[in-house]
Amino acid sequence: MGETTSDFLARLLGPVPAVGLGGVALVVALGVQLRMRRYVAWVYWTAIVMVSVFGTMAADVLHVGLGVPYAVSAPFFLVALGAVFGLWRVLEGTLSIHSVHTLRRELCYWAAVLATFALGTAVGDLTATTLGWGFLASGVLFAVAIALPALAHWKLRMNAVLAFWLAYVLTRPLGASFADWMGAARKYGGLGWGFGWVSLALTVVIVVLVGHLSRTERQRSALAA
């Protein structure tokens with residue numbers, strides 16, 4: 001949803017206003033999330049959606065606005081993500097999401113999430129456009145790739161934190177590739193459904209799923225009480 005929404009807003013408003021709007025929405029969403037004293041499903045997932053939209057814009061600004069090839073921006077974001085993980089590990093001693101219960105750890109977490117979305121966008125566009133594999137083939141590739149950390153954890157006892165973050169990074173190019181395939185025009189190898197309509201459909205799916213999570217959360221809280 002972040003991929004198609006970013007593309008839709010850039011076409012509707014222009015790149016600069018779209019990035020500005022995305023940046024403001026991200027700051028507001030993260031500000032609300034950081035003020036929470038506990039996990040609240042709709043607040044957390046709103047922040048995730050805003051990070052996904054702005055992360056896409058960050059990668060696109062480098063490529064479209066500054067002319068940086070995806071073959072350069074993808075390694076750049078990989079290094080940036082590595083730096084975030086390195087700093088997080090040095091400061092806190094663990095990268096486990098189950099340990100994110102202080103403000104500093106949450107800031108490290110959100111910095112990592114933003115870097116993963118920017119990296120995933122650049123990698124997805126690298127395979128689909130620069131390498132010429134197309135959106136559908138790229139989506140299939142990342143669907144296979146995202147299963148590997150799970151298999152490695154299950155069969156080879158790969159460290160759970162490492163397996164999680166490998167899979168998390170791959171969620172972005174996986175989702176973006178299929179979203180681009182649905183939204184892009186047929187002449188670009190897509191189905192031609194339009195980025196706006198695909199964004200709307202995926203937003204509905206997200207709202208339904210988050211609504212289910214919120215209801216489940218309330219039920220658990222009631223049982224605990």
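Positions are given from 1 along the sequence.
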- Message: Which residues end up grouped with Val28 if you chain together Ile, Leu, Val, Met, Phe, Trp and Tyr wherever their side-chain heavy atoms are less than 4.5 Å apart?
- Response: Val24

- Which of Val207, Val205, Ile206, Leu213 passes side-chain contact (heavy atoms from CB on, under 4.5 Å) with Leu209? Answer is Val205

- Task: Could you tell me the separation between the CD atom of Glu106 and the CD1 atom of Ile97, rounded to the nearest 0.5 Å?
- Result: 12.0 Å

- Would you say the side chain of Leu166 lies within less than 4.5 Å of the side chain of Leu148, judging by non-hydrogen atoms? no

- Message: Show the nearest heavy-atom pair for residues Ile146 and Pro149, with the distance to one decimal.
- Response: O-CD, 3.3 Å

- Any side-chain heavy atom of Gln33 within less than 4.5 Å of one from Ile48? no

- Message: Is it true that, when you exclude Tyr188 itself, more than 12 heavy atoms of the residues, nucleotides or ligands shown sit nearer than 6.0 Å to its OH?
- Response: no

- Task: Check for a donor-acceptor pair, side chain of Arg89 on one end and backbone N or O of Gly93 on the other, with a separation under 3.5 Å.
- Result: yes

- Query: What about Trp193 and Phe178, are their ring centers closer than 6.0 Å?
  - Reply: no

- Query: Would you say Leu26 and Val51 make side-chain contact, with heavy atoms under 4.5 Å?
  - Reply: yes

- So does His101 have more than 12 non-hydrogen atoms from other groups sitting under 6.0 Å from NE2? yes

- Min side-chain heavy-atom separation Met182-Thr4 under 4.5 Å: no

- Can you tell me how far the CD atom of Glu92 sits from the OH atom of Tyr109, to the nearest 0.5 Å? 15.5 Å

- Item | Atom pair NE2/OG of His212 and Ser214 - distance to nearest 0.5 Å | 10.0 Å

- Is there a donor-acceptor pair under 3.5 Å between the side chain of Arg105 and the backbone N or O of Leu103? no

- Task: Answer whether the closest heavy-atom distance between the side chains of Val79 and Phe76 falls below 4.5 Å.
- Result: no

Below 3.5 Å, can you tabulate the donor-acceptor pairs from side chains in residues 131-142 to any protein atom, sequence neighbours excluded?
{"unit_1": "Ser138", "atom_1": "OG", "unit_2": "Thr127", "atom_2": "OG1", "d": "2.9"}
{"unit_1": "Ser138", "atom_1": "OG", "unit_2": "Ala128", "atom_2": "N", "d": "3.4"}
{"unit_1": "Ser138", "atom_1": "OG", "unit_2": "Gly134", "atom_2": "O", "d": "2.7"}

- In terms of heavy-atom contacts, does OH of Tyr168 have more than 12 from other residues, nucleotides or ligands at under 6.0 Å? yes

- Backbone N or O of Leu126 within a donor-acceptor pair of the Thr129 side chain at under 3.5 Å? no

- Message: On a heavy-atom basis, which atom in Val169 and which in Leu119 lie closest, and how many Å separate them?
- Response: CG1-CD2, 3.9 Å

- In terms of hydrophobic clustering (I, L, V, M, F, W, Y; side-chain heavy atoms under 4.5 Å; direct or indirect links), are Met1 and Val204 co-clustered? no

- Got Arg11 and Asp7 here, is their nearest side-chain heavy-atom distance under 4.5 Å? yes

- Message: Which heavy atom of Trp110 sits nearest to which heavy atom of Ala47, and what is that distance?
- Response: CH2-CB, 3.6 Å

- Check for a donor-acceptor pair, side chain of Ser6 on one end and backbone N or O of Gly2 on the other, with a separation under 3.5 Å. no

- Task: Using a 4.5 Å cut-off on heavy atoms from C-beta on, say whether the side chain of Leu34 contacts that of Leu107.
- Result: yes

- Message: Nearest 0.5 angstrom please: His153 NE2 to Lys155 NZ, how far?
- Response: 12.5 Å

- Query: Between Met57 and Ala18, which heavy-atom pair has the shortest distance, and what is it?
  - Reply: CE-O, 3.2 Å

- Message: So does Ala112 get a backbone contact from the side chain of Trp88, meaning a donor-acceptor N/O pair under 3.5 Å?
- Response: no

- Message: I'd like to check Val123 versus Tyr70 (side-chain heavy atoms, cut-off strictly below 4.5 Å). Are they in contact?
- Response: no

- Message: Is there a continuous path of hydrophobic side-chain contacts, each under 4.5 Å between heavy atoms, that joins Val161 to Val100?
- Response: yes

